[in-house]
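Input: a single structure, listed below in structure tokens.
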There are 2 protein chains.
Amino acid sequence: MREVPEQQVIATGLPAALSVAGTVISCDAGVTVFHAGQPARAVYFLVSGSVRLVRYGRAGEEVSLHEARPGEFFAEASLDSDCYHCDAIANESSELLQFLAPAMRNHLASDVTLSREWMALLARQLRTARTRVERLSLKNAAERIRHLLYSEGRGDRCEVTLPGTFKELARELGLSHEALYRTLATMVREGIIEREGMTLRFKESASRI
Amino acid sequence: MREVPEQQVIATGLPAALSVAGTVISCDAGVTVFHAGQPARAVYFLVSGSVRLVRYGRAGEEVSLHEARPGEFFAEASLDSDCYHCDAIANESSELLQFLAPAMRNHLASDVTLSREWMALLARQLRTARTRVERLSLKNAAERIRHLLYSEGRGDRCEVTLPGTFKELARELGLSHEALYRTLATMVREGIIEREGMTLRFKESASRI
DNA sequence: CGTCGCATTGATATCGCTCAAATCCGGTGG
DNA sequence: CCACCGGATTTGAGCGATATCAATGCGACG
């Protein structure tokens, strides 16, 4: 994890007011950006790569809380929290912008546009998280996949192209990867969905919820 | 759902700046405050009673997204959204404060203190939702109950007193109520937890995570 | 007192997890 | 160019946990 303070980066999705306030950080796959329990010093913006936020179950297994994608902030909720509540680990070689919490709070207090954007961002993340709660509350695998397509899909056939692997999707859906593969295969066999590589869609125009 | 515009209410947990800006609404058990798909006209603050936010599965069954408790806002995420994304239904006779979205946006733009409180509130809700995601990602019922105690419990024995019924808790945990009762009974029998009416706690001082 | 919904426990079926093994694919080194 | 390696993908078999259906008790409420 090496810091490159003077570099100038235009990052898509970054509020204009923040374009010069961040510290660029590059980190390799597997590097931990921060640990749960550490004082929450900064908020991060993912420029490129991918970072996962995880906690650990009693058996030591990872539980995925969130997968940050380029153009997203993460650890935003830590702005008014004493310490981080999860680990942040780079899935691949990634570039981050780091915004120290005190500076960020100042910006938010003085810039109305930024604070509006920030509230919108938090609200969006909140909706996303609640959608995921809803999905995980469904009892069976096929329903979770349907729900994924309905809530994330584009167009009337609810097309989704996976950003990662099927194993990652399985974790996101709270399933073992075997269960996911099997359920997908069954749904394709039954003519419910189509699959082309990493793209999924309904076979028929979506019969609503 | 009857509106009582002139009433003056001191509501605990409500930011001071909003204490005079809301419309008091009283509604009986079962009344729908808003429907999914309706234009998002307002944000609500629950003064007393309880309101659940739900969507509906394919079989028409309710899927609980959130249970608002007194002192909480709900539909906060709808401030920058065109329409509501779920139904809000009163579980019991409840009192709400309604804040129309345009007025709310004005307040947020002009009052830095309020906007800071609002961001903190969104961040808190976000953390809560992510904790719930984490909980639902656990594979078995006992782990989910442990997780609930660890993340919501008070004191070194992680004591939790349920705000609602065990059936509601079961929905919150993504379990059937039968599975919840059985798992609780087993955990009590095995000396892992204690149960006194609606209060749960670990038998031993919490062995961390 | 009757009814309704929660609480509780039993029986059974099913779904998804676990272990296992084979294949595929991209990358790496010779 | 090819052999090899690791991780993703895919399918099989068996088991265990949870859902589902069912029945009963119990307390609140009209």
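Naming convention: chains lettered A, B, ... in sequence-line order (proteins, then strands); numbering from 1 in each chain.
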Strictly under 4.0 angstrom, non-hydrogen atoms only: write out the protein contact profile of nucleotides 8-23 of chain C, one letter per nucleotide from the 5' end, B, S or -. BBBB----SSBBB---
Footprint string (nucleotides 24-30 of chain D, 5' to 3'): B base within contact, S backbone only, - free, heavy atoms under 4.0 Å: -------
For atom [atom1] of [X] and atom [atom2] of [N], their distance in whole Å:
X	N	atom1	atom2	value
A/Leu184	D/dA8	CG	C1'	14 Å
B/Leu173	D/dA19	CG	P	11 Å
A/Lys167	D/dT11	NZ	C1'	15 Å

Has A/Arg69 got more than 12 heavy atoms of other residues, nucleotides or ligands less than 6.0 Å from its CZ? yes
May I have the list of side-chain donor-acceptor pairs in residues 163-170 of chain A shorter than 3.5 Å, sequence neighbours left out?
residue  : atom : partner  : partner atom : Å
A/Thr165 : OG1  : A/Lys167 : N            : 3.4
A/Thr165 : OG1  : A/Glu168 : N            : 3.1

Below 4.0 angstrom, N of the basic side chain to O of the carboxylate: do B/Glu67 and B/Arg171 qualify?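 A salt bridge links B/Glu67 with B/Arg171.
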Electrostatic pair B/Glu194-B/Arg157, nearest N-O below 4.0 angstrom: yes
So A/Gln98 and A/Tyr44, side chain to side chain donor-acceptor pair (under 3.5 Å) or not? Walk me through it. CA-CA 5 Å; A/Gln98 181 189 59; A/Tyr44 296 86; 3.0 Å; yes
OG of A/Ser176 to NZ of B/Lys139: how many Å apart, nearest 0.5 Å? 12.0 Å
Could you pull out the closest heavy-atom pair between B/Leu136 and B/Arg144, with the gap in Å? O-NH2, 3.6 Å
Students often mix this up, so state it plainly: with edges at 30° and 60°, are the rings of A/Phe73 and A/Trp118 parallel, tilted or perpendicular? perpendicular
